[in-house]
Protein chains: 2
Amino acid sequence: MPRPRSYSETDIAAAALAVIDHDGLAALTMRAVAVRLGLGTMSLYRYVSDREQLEGLVVDLVLSAVDTTPPPDLPWDEQLTVLVERVRAAAAAHPQAIPLALTHRHTSANVLRWAEAVLGVLTAAGFTEDRRAIALRCLLGHLIGSIQMDHLGPLSGAGTEAMARLSPEAYPLLAETAREAREVTAGDEFRRGFRILLLGLRASLDQAAETGPEVTNQ
Amino acid sequence: MPRPRSYSETDIAAAALAVIDHDGLAALTMRAVAVRLGLGTMSLYRYVSDREQLEGLVVDLVLSAVDTTPPPDLPWDEQLTVLVERVRAAAAAHPQAIPLALTHRHTSANVLRWAEAVLGVLTAAGFTEDRRAIALRCLLGHLIGSIQMDHLGPLSGAGTEAMARLSPEAYPLLAETAREAREVTAGDEFRRGFRILLLGLRASLDQAAETGPEVTNQ
DNA sequence: CGTCGTAGGCGTACAACATACGCCTACGGA
DNA sequence: TCCGTAGGCGTATGTTGTACGCCTACGACG
C-alpha cells in the first residue's frame with residue numbers, strides 16, 4: 001500500500017465544520033476546506049467524491065456527539081426527554097450547521113443509532129408494532145420541527161419581537177401571543193412542548209390498552 | 001407613471017414555481033425564470049432585488065393556496081386537524097419547493113394569516129397566555145417536522161425500505177419497526193401522529209383546569 | 001539497495017451561476 | 001409634441017463545483 005492517507009474522514013469533517021462554525025454555512029466551499037487542511041483544492045477530492053458527501057461527513061460528525069445510551073432508572077417518558085434533549089444540544093452546539101443536518105440526516109448512521117435507542121425505550125414502555133413506528137415518527141417530527149424553529153427564531157428571538165410589533169388590527173391574537181411569549185426561553189418552549197407530546201403518547205398508550213391489548217408481549 | 005410593469009409579483013412567482021415543478025429545485029436559476037417569462041436575465045432584477053426575494057415569492061405563492069377559515073361546527077381538535085391538513089396539502093402540491101418553504105416560511109405573510117387562525121381556534125378551546133403560545137409552537141413544530149419527513153422519505157418510502165433491509169444484528173428494533181411500518185401510508189402516519197399530539201393538548205388543557213384556572217376569561 | 005506500480009497531490013481549465021454597470025427604449029403625462 | 005421615468009438587456013466580473021492530466025511520494029518486492 002503506497003502513500004498512506006494524510007487525513008482521516010474525521011479530519012476532513014472537522015475542517016469543514018470549523019469553516020462553518022467560524023465563517024458560516026455560506027463559507028463552506030471546497031476551496032475553504034482544502035485551505036484549512038493545507039491542501040490544494042483538488043486534493044480534497046481524493047477524500048470526498050462530492051460536496052454532497054462532504055456535507056454528509058459534517059452532519060455525521062455533529063451527530064456523533066450524541067450519547068445514545070438511555071439513562072437508566074427513569075420512567076420511559078423521562079428517558080425519551082433525555083434522548084431528545086441530547087440531539088437538541090448537539091444541534092445547538094453548531095447552529096450554523098443545522099440546515100445541513102436537516103437535509104442530510106437520513107444519510108447519517110448516527111441517526112439510526114439514536115432511533116434504535118428510542119425504539120428500545122418505546123418498546124419497554126409498551127409500544128408495539130405500528131404504534132411504535134408512529135410514536136418514533138412523532139418524536140422525530142417534533143424534534144426536527146423544534147430544532148428548525150429554534151434555528152430560525154425562538155419564541156423570545158427577533159422573529160417574535162417582529163410579530164409583537166405587528167399591527168394588532170390585522171393579527172390581534174398573534175400580536176398578543178407574541179407579546180406574551182417574549183418571556184419564554186427557547187429551552188422552556190421546547191420542554192413544555194415536548195411535555196405535551198409525552199402526555200399524548202401516554203394517553204395513546206392507555207387507549208391502546210383499553211381498546212384491546214392485541215398481542216402484548218410479556 | 002411611464003412604462004407600466006409587464007408582470008405582477010404573482011406572475012414572477014408563478015414562473016419560478018413552474019420552473020421548480022417542471023425541472024426541480026436545482027433548476028431554479030435567475031436565467032431559467034427570466035427565459036420562462038420571455039425576459040432577459042437582468043430584466044428579472046427589475047422585479048426582484050435578489051434570488052432570496054424570488055424564493056420568498058415562491059413560498060408565498062405556494063402558501064397562498066391555504067384556506068385559513070376554520071371549518072365551523074366542529075370541535076376544536078378537528079378544526080385544528082383541518083387547518084394543519086390544509087398546509088400539508090399545499091406543501092404536497094409542490095413537493096420540490098418544500099425545502100424553500102422550510103427556509104423562507106418566516107418571511108411569508110400567509111404563515112402569519114394561518115397562525116392567526118390557529119390561535120383563534122386555540123383561544124376558543126380555552127388556551128390562554130403562554131399556554132396558547134406553547135400550543136401554537138407545538139402544532140407548528142409538528143407540522144414542519146412532518147412535512148420535512150414526508151418530503152425526504154415517508155414511512156412507506158425508499159428510506160424505510162432501506163431500513164428494513166438493515167442488518168438486524170446492528171439495529172434489531174429499527175429493522176423490525178421499518179418492516180412493520182412499510183404498510184403505513186404517509187397520510188395515515190401524519191394523521192395518527194397528529195392525533196397523539198391532540199391527545200396531549202387536550203390533556204394539558206385538563207391539567208391546567210385542575211391546577212388552577214388562573215385568569216380564565218369567560 | 002534499486003525499481004516499480006499505486007495512489008496522493010495539485011495546476012489548469014471550464015461551465016454555470018448570481019449579479020453590478022451602463023446603455024437604449026418604450027411609454028404616459030404635460 | 002416632447003420629456004422624464006422606469007423597463008429591458010448586453011456585457012462583464014467574481015465565485016462556485018469539478019473534470020482532466022500531470023508529477024511525485026511511498027511501500028512492497030526483488
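For the numbers below, each heavy atom of this structure counts, side chains included, while hydrogens, waters and symmetry mates do not. Note that the structure is a prediction, hence the values are computed from the model and not measured. Naming convention: chains lettered A, B, ... in sequence-line order (proteins, then strands); numbering from 1 in each chain.
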- Task: Remember a base hit wins even if backbone is also touched, and classify A/R46 as base, sugar-phosphate or nothing at under 4.0 Å, heavy atoms.
- Result: base
- Within the structure shown, what part of the strands sits under 4.0 Å from B/T41 by heavy-atom distance: base, sugar-phosphate, or nothing? base
- Message: Measuring from the side chain of A/Y47 (C-beta onward, heavy atoms only), which nucleotide among C/dG9, D/dG17, C/dT19 has the closest atom?
- Response: C/dG9
- Task: For the residue pair B/R132 and B/T123, confirm or rule out a side-chain donor-acceptor distance under 3.5 Å.
- Result: yes
- Item | Whole-Å distance separating the CD1 atom of A/I12 from the C1' atom of C/dG9 | 13 Å
- Task: Could you tell me how the ring of A/F127 sits relative to the ring of A/W76: parallel (under 30°), tilted (30 to 60°) or perpendicular (over 60°)?
- Result: perpendicular
- Message: Starting the side chain at C-beta, find the nucleotide from C/dG8, D/dG17, C/dT19 nearest to A/T29.
- Response: D/dG17
- Task: Take the protein atom CZ of B/R51 and the nucleotide atom P of C/dC17, then report the distance between them rounded to whole Å.
- Result: 9 Å
- Between D/dG8, C/dT19, D/dT18, which nucleotide has the shortest distance from any of its atoms to the side chain of A/M42? D/dT18
- What is the nucleic acid contact for B/R5, judged by heavy atoms within less than 4.0 Å: base, sugar-phosphate only, or nothing? sugar-phosphate
- Roughly how many Å is it from CG in A/D23 to C1' in D/dT16, rounded to a whole number? 16 Å
- Does the side chain of B/E85 come under 3.5 Å of the side chain of B/T81 through a donor N or O and an acceptor N or O? no
- Message: Without decimals, in angstroms, what is the distance between A/Y45 OH and C/dT12 P?
- Response: 18 Å
- Closer to the 5' end of DNA chain D via nearest nucleotide, is it B/L39 or B/R31? B/L39
- Message: Under 4.0 Å from OP1 or OP2 of C/dG9: is there any side-chain N or O of A/S6 that close?
- Response: yes
- Looking at every strand, decide which applies to A/Y7 at a 4.0 Å heavy-atom threshold: base, sugar-phosphate, or nothing. nothing
- Give one of base, sugar-phosphate or nothing for B/L44, where a contact means two heavy atoms less than 4.0 Å apart. nothing
- Interatomic distance, B/L28 CG vs C/dT19 P [rounded to whole Å]: 11 Å
- So, is B/S43 close to the D/dG7 phosphate, meaning a side-chain N or O under 4.0 Å from OP1 or OP2? no
- Ignoring hydrogens and angles, tell me if any N or O in the side chain of B/S108 forms a donor-acceptor pair with the backbone of B/H104 under 3.5 Å. no
- Task: If the plane angle is over 60° it's perpendicular, under 30° parallel, otherwise tilted; pick one for A/Y7 and A/Y47.
- Result: perpendicular
- Euclidean distance, atom CD of residue A/Q53 to atom P of D/dT18 [Å, nearest integer]: 11 Å
